[in-house]
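Heads up: the structure comes next, in structure tokens.
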Amino acid sequence: MIIQKMTQKKAKSYEITLDDQRTFIVSEDVLVKFRLLKGKEVDESLLAEIKKASVYDIGLQQALNYLSYQLRTEKEIAAYLKEKEIGAEDIQKICQYLKNQRLIDDVQYAKSYLQTALRLNDKGPTVIANKLKAKGIADNIIEEVLPLYTKEQQIEIAKKAAEKMLKRQSNQSHYQILQKCKLSLVQKGFSYAVVDEAMQQIEVEVDEEAEYAKLVKEAEKIIHRIKGKNEYEKKQKFKQKLYQKGFDLSLIQQYIDEEWLDE
């Protein structure tokens with residue numbers, strides 16, 4: 001077989017066409033290594049060797065290009081190369097080479113990810129740990145890195161997140177809003193202890209008029225749905241439902257005294 005044609009495809013890759021019309025891609029490094037030139041004779045044994053070297057080299061170039069945009073974990077690199085149809089053996093060799101060159105380092109990745117998360121979002125340690133695990137970071141690395149997220153930082157970030165949530169308008173009772181806020185912080189990955197400390201540091205004033213207005217709206221929905229043998233029983237059910245929604249008993253009684261119409 002004779003190399004009939006060589007066409008540059010990208011900056012560092014070439015398409016080789018043989019005289020039997022077979023084509024394959026090689027990297028520039030492989031081109032130099034095997035001294036591939038137009039007119040060179042290639043047998044099946046050499047062709048297999050060239051292709052094997054090309055797969056590894058092309059995979060390495062793809063991995064380096066993928067890394068040029070941002071840091072990646074070993075798992076991300078492996079998954080990316082698999083999508084590019086690089087074989088498992090070559091993926092393993094490429095990842096090992098990149099680790100030896102310190103181009104992928106899961107410990108450094110985890111530290112960088114954590115620092116970025118602390119600057120840009122409001123997630124707690126549990127969520128961050130799960131995110132790192134999903135990216136292929138080993139448990140022992142997560143355990144090593146996570147203590148860098150101090151309790152003081154957690155409280156401060158949870159506090160700021162809570163303050164944003166509490167500013168949002170809601171028709172729920174003040175108590176329900178606080179409970180919803182706490183639940184949201186737990187879902188963001190903060191521990192109950194951190195959430196409690198963060199909430200204690202927030203000065204929250206209850207607007208009695210606004211709270212009563214919310215109660216009135218809820219009362220109007222409830223009052224048409226409750227049934228009882230007598231007025232006393234209906235009032236007790238009414239109180240119970242509003243209390244379950246977090247309204248203060250004094251405000252509930254105020255509504256009964258001022259708005260309740262006995263049948």
Side-chain angles (χ1 to χ4, degrees), residues 113-135 142 146 149-263:
Y113 183 93
L114 175 61
Q115 293 306 316
T116 300
L118 297 188
R119 288 199 314 272
L120 301 181
N121 65 41
D122 55 5
K123 300 298 185 288
T126 303
V127 167
I128 290 175
N130 289 338
K131 293 281 188 182
L132 288 172
K133 195 165 187 175
K135 288 179 176 291
I142 294 173
L146 216 55
Y149 191 178
T150 67
K151 186 177 181 181
E152 290 72 22
Q153 288 174 311
Q154 293 175 42
I155 292 170
E156 187 60 27
I157 290 174
K159 178 183 171 183
K160 288 180 180 178
E163 288 172 339
K164 286 182 182 178
M165 285 185 276
L166 292 173
K167 287 179 181 178
R168 298 171 189 163
Q169 296 297 317
S170 172
N171 290 324
Q172 294 178 310
S173 69
H174 178 70
Y175 174 80
Q176 281 182 312
I177 292 171
L178 288 179
Q179 293 304 109
K180 187 176 180 180
C181 181
K182 290 179 180 180
L183 177 60
S184 179
L185 290 175
V186 171
Q187 291 171 339
K188 286 178 181 289
F190 296 101
S191 68
Y192 286 101
V194 166
V195 170
D196 286 340
E197 288 197 43
M199 297 300 290
Q200 288 172 14
Q201 293 183 20
I202 299 174
E203 293 183 9
V204 183
E205 293 184 6
V206 182
D207 185 330
E208 293 289 342
E209 290 186 9
E211 190 76 353
Y212 186 73
K214 293 177 184 179
L215 185 149
V216 170
K217 286 185 179 180
E218 281 298 325
E220 290 172 351
K221 296 176 187 177
I222 293 170
I223 203 164
H224 298 294
R225 297 199 299 264
I226 57 173
K227 295 180 181 180
K229 295 179 181 178
N230 52 54
E231 284 300 299
Y232 174 79
E233 187 175 316
K234 287 176 66 177
K235 285 179 182 179
Q236 291 304 109
K237 287 184 178 180
F238 178 77
K239 285 182 180 181
Q240 183 182 33
K241 289 185 179 297
L242 283 176
Y243 185 71
Q244 288 172 345
K245 289 183 176 292
F247 290 103
D248 188 85
L249 284 172
S250 62
L251 289 180
I252 298 172
Q253 189 60 50
Q254 179 184 337
Y255 179 89
I256 291 174
D257 293 340
E258 297 177 0
E259 310 288 345
W260 189 277
L261 295 175
D262 290 339
E263 293 181 353

Over all atoms of both residues, closest heavy-atom pair of [X] and [Y]:
X	Y	answer
F190	P125	CD2-CD, 4.2 Å
K123	I128	O-CD1, 3.8 Å
I142	K133	CD1-N, 3.8 Å
L185	A162	CD1-CB, 4.0 Å
A129	L146	CB-CD2, 4.0 Å
A198	K159	CB-N, 3.8 Å

Between K214 (side chain only) and Q172 (backbone N and O only), is there a donor and an acceptor less than 3.5 Å apart?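 Yes: the side chain of K214 pairs with the backbone of Q172.
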
For the backbone of F247 and the side chain of E211, can you confirm whether one donor and one acceptor N or O come within less than 3.5 Å of each other?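 No, E211 side chain to F247 backbone: no donor-acceptor pair under 3.5 Å.
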
Roughly how far, to the nearest 0.5 Å, is the CE atom of M165 from the NZ atom of K182?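 Reported to 0.5 Å precision, the distance equals 12.0 Å.
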
Would you give the length of the straight line joining atom CG of L183 to atom CD of Q176, rounded to the nearest 0.5 angstrom?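 Reported to 0.5 Å precision, the distance equals 12.5 Å.
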
Are [X] and [Y] close enough that some pair of their side-chain heavy atoms sits under 4.5 Å apart?
X	Y	answer
I256	K239	yes
K245	I222	yes
K188	N121	no
V127	K131	yes
K164	D122	no
D248	Y175	no
L178	L166	yes

Y212 OH: over 12 foreign heavy atoms closer than 6.0 Å: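 Yes, because the 6.0 Å sphere around OH of Y212 holds more than 12 heavy atoms from other groups.
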
Residue K241 excluded, over 12 heavy atoms near NZ under 6.0 Å: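 No, the 6.0 Å shell around NZ holds no more than 12 heavy atoms from other groups.
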
Run the ring-ring contact (aromatic ring centres under 6.0 Å, His included) test against F238 and tell me which residues pass, sequence neighbours left out.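 Only Y255, W260 meet the ring-ring contact (aromatic ring centres under 6.0 Å, His included) criterion with F238.
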
Is K221 salt-bridged to E218, cutoff N-O under 4.0 Å?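 So K221 pairs with E218 through a salt bridge.
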
